[in-house]
Amino acid sequence: MFAIPGKQAVTMTPRAAAQISKLMEKAGHAGLRIGIKKGGCAGMEYTMEYVDAADPNDEVVEQDGARVLIAPMAQMFLFGTEIDYETTLLESSFKFNNPNVAEACGCGESISFKVGE
């Protein structure tokens, strides 16, 4: 929906693509849908869910065997985002390096977006 010819809506680091591929294979799903919902102290939160089939309005991004589907209502907020997967001593999680974010809460779980720029 918000595509620019020759540019993917989101990109994945090799670590993220490997983890998404591993999750898809293990769970037997067709991909991982990423969305945005209202919530958290900053106003919005990312959502992730396994899917067995793409919605006709999903933006589909495939990279190194990983398939990410972007929900229609989230496409304008996620365009240009890099998805990474980080492992530390205490946790392993996906990280979204999103140029559209204006601020994030202290715990990093919720975000707000730039408006009118």
Side-chain angles (χ1 to χ4, degrees):
M1 290 178 90
F2 292 93
I4 294 176
K7 182 171 170 91
Q8 292 192 83
V10 299
T11 58
M12 295 171 258
T13 64
R15 289 186 305 253
Q19 183 65 20
I20 291 168
S21 295
K22 182 177 162 184
L23 291 171
M24 287 171 47
E25 184 178 308
K26 181 179 179 181
H29 296 289
L32 190 65
R33 180 176 291 124
I34 299 172
I36 299 284
K37 70 175 185 174
K38 289 186 179 196
C41 51
M44 304 289 274
E45 297 175 322
Y46 294 109
T47 62
M48 298 179 85
E49 65 181 337
Y50 293 116
V51 292
D52 294 322
D55 181 277
N57 294 315
D58 284 342
E59 179 74 26
V60 180
V61 176
E62 294 182 287
Q63 181 181 320
D64 301 327
R67 180 178 297 124
V68 171
L69 302 101
I70 305 170
M73 296 302 290
Q75 291 173 11
M76 67 180 168
F77 297 109
L78 294 175
F79 193 81
T81 297
E82 176 191 61
I83 303 169
D84 193 10
Y85 186 76
E86 295 180 350
T87 301
T88 67
L89 284 173
L90 299 176
E91 69 178 354
S92 296
S93 62
F94 288 101
K95 301 291 182 189
F96 295 86
N97 300 315
N98 188 337
N100 306 304
V101 170
E103 66 179 303
C105 68
C107 66
E109 295 295 321
S110 68
I111 50 176
S112 65
F113 292 97
K114 300 173 186 172
V115 180
E117 291 184 18

Item to check | Any M44 side-chain heavy atom under 4.5 Å of K38 side chain | outcome: yes

Checklist entry - If every non-hydrogen atom of Q75 is compared with every non-hydrogen atom of N57, which pair is closest and at what distance? => result NE2-O, 2.9 Å

Item to check | V51-L78 co-clustered via ILVMFWY side chain contacts under 4.5 Å | outcome: no

Next on the checklist: Ignoring hydrogens, what is the shortest heavy-atom contact between L32 and M48? Give both atom names and the distance.
Outcome noted: CD2-CE, 3.2 Å

Checklist entry - Any side-chain heavy atom of M12 within less than 4.5 Å of one from V61? => result yes

Item to check | Main-chain N/O of F77 paired with N100 side-chain donor or acceptor, under 3.5 Å | outcome: yes

Checklist entry - Quick one: do V60 and F96 end up in the same hydrophobic cluster if we chain Ile, Leu, Val, Met, Phe, Trp and Tyr together by side-chain heavy atoms under 4.5 Å apart? => result no

Item to check | E91 CD to E86 CD distance, which is reported to the nearest 0.5 Å | outcome: 8.5 Å

Next on the checklist: Please tell me whether I34 and V10 are part of a single hydrophobic cluster in this structure, the criterion being side-chain heavy atoms less than 4.5 Å apart.
Outcome noted: yes

Checklist outcome for this item: With E82 as partner, the option from T11, N98, N97 fulfilling side-chain hydrogen bond (donor to acceptor under 3.5 Å, both in side chains) is N97

Checklist entry - Looking only at heavy atoms, what is the nearest atom pair of E62 and R67, with distance? => result OE2-NH2, 2.7 Å

Next on the checklist: Return the CZ to CG distance between R15 and D64, rounded to the nearest 0.5 Å.
Outcome noted: 13.5 Å

Item to check | Interatomic spacing from CD in Q63 to OG1 in T13 - rounded to 0.5 Å | outcome: 8.0 Å

Item to check | Minimum-distance pair of heavy atoms, taken over all atoms of I83 and A16 | outcome: O-CB, 3.3 Å

Item to check | Connected via hydrophobic side-chain network under 4.5 Å: I36 and V101 | outcome: yes

Checklist entry - Can you name the closest pair of heavy atoms from A71 and G35 and give their distance? => result CB-CA, 4.3 Å

Checklist entry - Any link between I20 and Y46 through a network of hydrophobic side chains (Ile, Leu, Val, Met, Phe, Trp, Tyr) touching at under 4.5 Å? => result yes

Item to check | Separation between CD of Q19 and OH of Y85, rounded to the nearest 0.5 Å | outcome: 4.0 Å

Next on the checklist: Does any part of the side chain of I70, heavy atoms only, come nearer than 4.5 Å to the side chain of F79, both counted from C-beta?
Outcome noted: no

Item to check | Considering all heavy atoms, the nearest A17-A66 contact | outcome: O-CB, 3.4 Å

